[in-house]
Amino acid sequence: MKIQFDDAAAAKIQAHLAPGKKLLLTFEDGVGPYSQHAMIHMQVQFSINIINSDMEAPGYDQTITSNIGDFLVKGYSMDSLDENMVVHLNANLGTLSLSGDGGLIDDNLGFIDFTEPNNAGLKENPARLS
């Protein structure tokens, strides 16, 4: 299983990467410290998360390779993913989308950098505001 980031999407994520950080592809099911609350909807929802390498990631027991680095994922969430996936940045909206061999997986892929000071990465995510 692999993910290919287009140039614009890669640049957006890589601006937050540095040695000592890990990438997560989080299935938004409300399970674990990096998952948003499980919303009542019928669509699959994922987010890209960046954490420090000393932060625990319980349940993230599988790895997916990408052109910007390896992603840790919850093994059971791989059922909702495809063997070959692409992340695209919509420049007009500033949003990320995740698609695979079978088509669109998530048209509004979230992005949260949990390493930003004062939880800025969390506060700037509209899905977390309530």
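By the 4.5 Å heavy-atom criterion applied to side chains, D107 and N90 are not counted as neighbours. Counting heavy atoms from C-beta on, the side chains of L93 and N108 never come closer than 4.5 Å. Side chains of D106 and E28 form no contact here, defined as non-hydrogen atoms less than 4.5 Å apart. Contact check for F46 versus S77: side-chain heavy atoms found under the 4.5 Å cut-off. Using a 4.5 Å cut-off on side-chain heavy atoms (C-beta onward), P33 and M55 make no contact. Residues L23 and L17 have side chains in contact (heavy-atom distance under 4.5 Å, counting atoms from C-beta outward).
Taken to the nearest 0.5 Å, the NZ atom of K22 stands 9.0 Å off from the CG atom of N52. From I64, atom CD1 reaches atom CD1 of I3 across 5.0 Å, with rounding to the nearest 0.5 Å. For the atom pair CD of Q4 and CG of N67, the computed distance is 4.0 Å after rounding to the nearest 0.5 Å. Considering CG of L24 and OH of Y34, their distance stands at 7.0 Å, rounded to 0.5 Å. Note that the CG atom of L81 and the NZ atom of K2 stand 15.0 Å from one another [nearest 0.5 Å]. The NZ atom of K21 sits 11.5 Å away from the CD1 atom of I51 when rounded to the nearest 0.5 Å.
Of all heavy-atom pairs spanning S35 and K74, the tightest one is CB-NZ, 3.8 Å.
When hydrophobic clusters are built by joining Ile, Leu, Val, Met, Phe, Trp and Tyr residues whose side-chain heavy atoms come closer than 4.5 Å, directly or via intermediates, L104 is not grouped with L109. Note: the hydrophobic cluster containing L98 also contains M1 (ILVMFWY, side chain heavy atoms under 4.5 Å, direct or indirect links). With hydrophobic clusters built from ILVMFWY side chains whose heavy atoms lie under 4.5 angstrom apart, I68 shares a cluster with V87. The same ILVMFWY cluster, assembled from side-chain heavy atoms under 4.5 Å apart, contains both I48 and M78.
In D54, the CG atom is crowded: over 12 heavy atoms of neighbouring residues, nucleotides or ligands sit closer than 6.0 Å.
At distances below 3.5 Å, not a single donor-acceptor pair connects side-chain atoms of K12 with backbone N or O atoms of L89. Formation of a donor-acceptor pair under 3.5 Å by the D29 side chain with backbone atoms of V31 is found in this model. At least one donor-acceptor pair closer than 3.5 Å links the side chain of D82 to the backbone N or O of D101.
Taking the ring centroids of F5 and F111, they lie at or beyond the 6.0 Å cut-off.
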